[in-house]
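Take a look at the structure below.
All ligand and atom numbering here is 1-based and tracks the order in the structure. These numbers come from a predicted model, not from an experiment. Just the heavy atoms: all of them, side chains too, but no hydrogens, waters or symmetry mates, feed the values below.
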Amino acid sequence: MAISALQKERASYQPKLPKALKGNVKVIEGKATQSVADQDAIKELFLNTYGLPLITFETSSEQTKSPVLNVGVILSGGQAPGGHNVISGIFDGLKALNPESKLYGFKGGPDGFINNDIVELTNDIIDTYRNTGGFDIIGSGRTKLEEEAQFDKGLENCKKLNINAVVVIGGDDSNTNACVLAEYYKNKDAGVQVIGCPKTIDGDLKNQMIEISFGFDTACKVYSELIGNIMRDANSAKKYWHFIKLMGRSASHIALECALQTQPNICLISEEVAKKKQTLSEIVDGIADVIAKRAENGENFGVALIPEGLIEFIPEMKTLINELNELLAEGTATAQAFFHVKKSHRIDWVAEKLSPSSSVVFRSLPEGIANQLTLDRDPHGNVQVSKIETEKLLIEMVEAELGERKLENKFAGKFGSQNHFFGYEGRCAAPSNFDADYCYSLGYNASSLIANGKTGYMSSVRNTTAPADEWIAGGVPITTMMNMERRHGHLKPVIQKALVELDGNPFTYFASKREVWAVKTDFVYPGPIQYFGPTEVCDRVSETLKLEKA
Ligand code: FBP
């Protein structure tokens, strides 16, 4: 297999580990824990895994011999840089505990666990993937692991290979399911432990004990490099406004981090839009104001960052989307009737069936977007917001607004636009040093949790703005992160998603600067991720993490 010069050189990078994980470890148990909310309900659902203590590992001089451990690993959900390092960390951790231990990979995500599609991860395989991006070592999948029949099949498959523990590498939903799985196996005394690892570029799986989900650091650095390149282009040609949509299914952490790294003229934050109950036309007005102001200074160019999840945070759009979901839910009479309506009449047909206010919003949308809202639905019948081209929607609406202002002699500038969507470009990048080290530590740490008989825990590595040596390794019971939420009509225990906190340091800092960045051209060009060189460049942590820990 041909590999790039960088990949070859990078293969020999030895990720850093917290001091506590180098050599023998001892377990320090903290106080009993409770869930973040709805304690009684969560406790009742997790009788065996609720209230467990926090775990911290410390170095120990005591030599202990670990029995042979057989572990299976699942990659779940969207790709995030560093997944391969979590796996190599688990592998090295297990082998250090007992060289006879084995690591298996369930292929293609949870499907591999259910259908016994499994591969033993040997030294050769692991070495090929160290410090590389992607999830291709075993593949990933979005099948939800939530039914008892799936758990039973998985258990049967584990028993065939004497697997004592499963590590689920995933986001909030996958870790919620990992916790349910841990409880189910513990209740059955099945002899299979379950450990979670916090993954997602979206950065929305975090709390006091999980400082960041892995992949966020690298993905944001990749997007920020690209944004910086576009800023330099914009500042050179001085003729385009670039509207850049950034991935992040719901929360705006990615957009905010990229704004902190690059200082764009505009960055929308969905959580703020929801808090202020902004309408689409208010958002458009705000953007047009910045464009007009810059035009007065002779600067008919700029960069606007738009979080992928924005549309669902605009209250009127959220109501509209909910009504459309109801109207076009699979199997309903209206959904069937809709597909018999001539394409050219569909917008009118739908608009007539919506509430008066949603009908006005729906009709105000550009035709292409209105059509996307009626067509792109996921298997649950929901609109797939990630496929809505919000950047194009905003460009069209801003253009119309500036056109009107021009007629009223309120805008004398020019508005040329380009649109971009950065998402997949960053999800499989070679992990930054931070992600390479963090992921390897998360994996290595997971093997210690397993060796110490823990189940229902998430691997936790904290104090991550300090040098890796000082990172704090341990485990946090997944039940601590849970609350009850309504999902598809039922109350369910789920890990609380971490949205951007409007009173938190990262947003507060951004808000204190954005008016200056809007008018002045104060771009920062971060350049590409550096893997070799001075530590202040190569081991730089995200601005979000820095500000959160300030
Ligand atoms: P995870 O939460 O599974 O890590 O995935 C996040 C994400 O990358 C979002 O940012 C994006 O909206 C979504 O996945 C895209 O999903 P898909 O890969 O299925 O197109």
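- Annotation for Tyr525: atom OH counts as buried by contact number, over 12 foreign heavy atoms lying within 6.0 Å.
- A salt bridge links Arg514 with Glu272: the closest approach of a Lys/Arg side-chain nitrogen to an acidic carboxylate oxygen falls below 4.0 angstrom.
- In this structure, the side chain of Asn265 engages the main chain of Trp517 through a donor-acceptor pair within 3.5 Å.
- Using bins of under 30°, 30° to 60° and over 60° for the plane-to-plane angle, the ring pair Tyr240/His242 lands in the perpendicular bin.
- If you look at Phe151 and Tyr184, their ring centroids are closer than 6.0 Å.
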Note every protein N or O atom lying under 3.5 Å from an N or O atom of ligand 1, pairing the names and giving the distance.
from	atom 1	to	atom 2	distance (Å)
ligand 1	2 (O)	Thr200	OG1	3.3
ligand 1	3 (O)	Gly78	N	2.8
ligand 1	3 (O)	Arg142	NH1	3.0
ligand 1	3 (O)	Lys199	NZ	3.2
ligand 1	4 (O)	Lys199	NZ	3.0
ligand 1	4 (O)	Thr200	OG1	3.0
ligand 1	5 (O)	Arg142	NH2	3.2
ligand 1	8 (O)	Arg427	NH1	2.9
ligand 1	10 (O)	Asp202	OD1	2.7
ligand 1	10 (O)	Asp202	OD2	3.4
ligand 1	10 (O)	Gly248	N	3.3
ligand 1	12 (O)	Glu308	OE1	2.7
ligand 1	14 (O)	Arg142	NH2	2.9
ligand 1	14 (O)	Arg427	NH1	3.2
ligand 1	16 (O)	Arg142	NH2	3.0
ligand 1	18 (O)	Arg427	NH1	3.0
ligand 1	18 (O)	Arg427	NH2	2.9
ligand 1	19 (O)	Arg142	NE	3.0
ligand 1	20 (O)	Tyr424	OH	2.5

Check residues 500-508 and write down every donor-acceptor pair under 3.5 Å in which the side-chain atom is one partner and the other belongs to a residue at least two apart or another chain.
from	atom 1	to	atom 2	distance (Å)
Asn505	ND2	Leu547	O	2.8
Thr508	OG1	Gly504	O	2.5

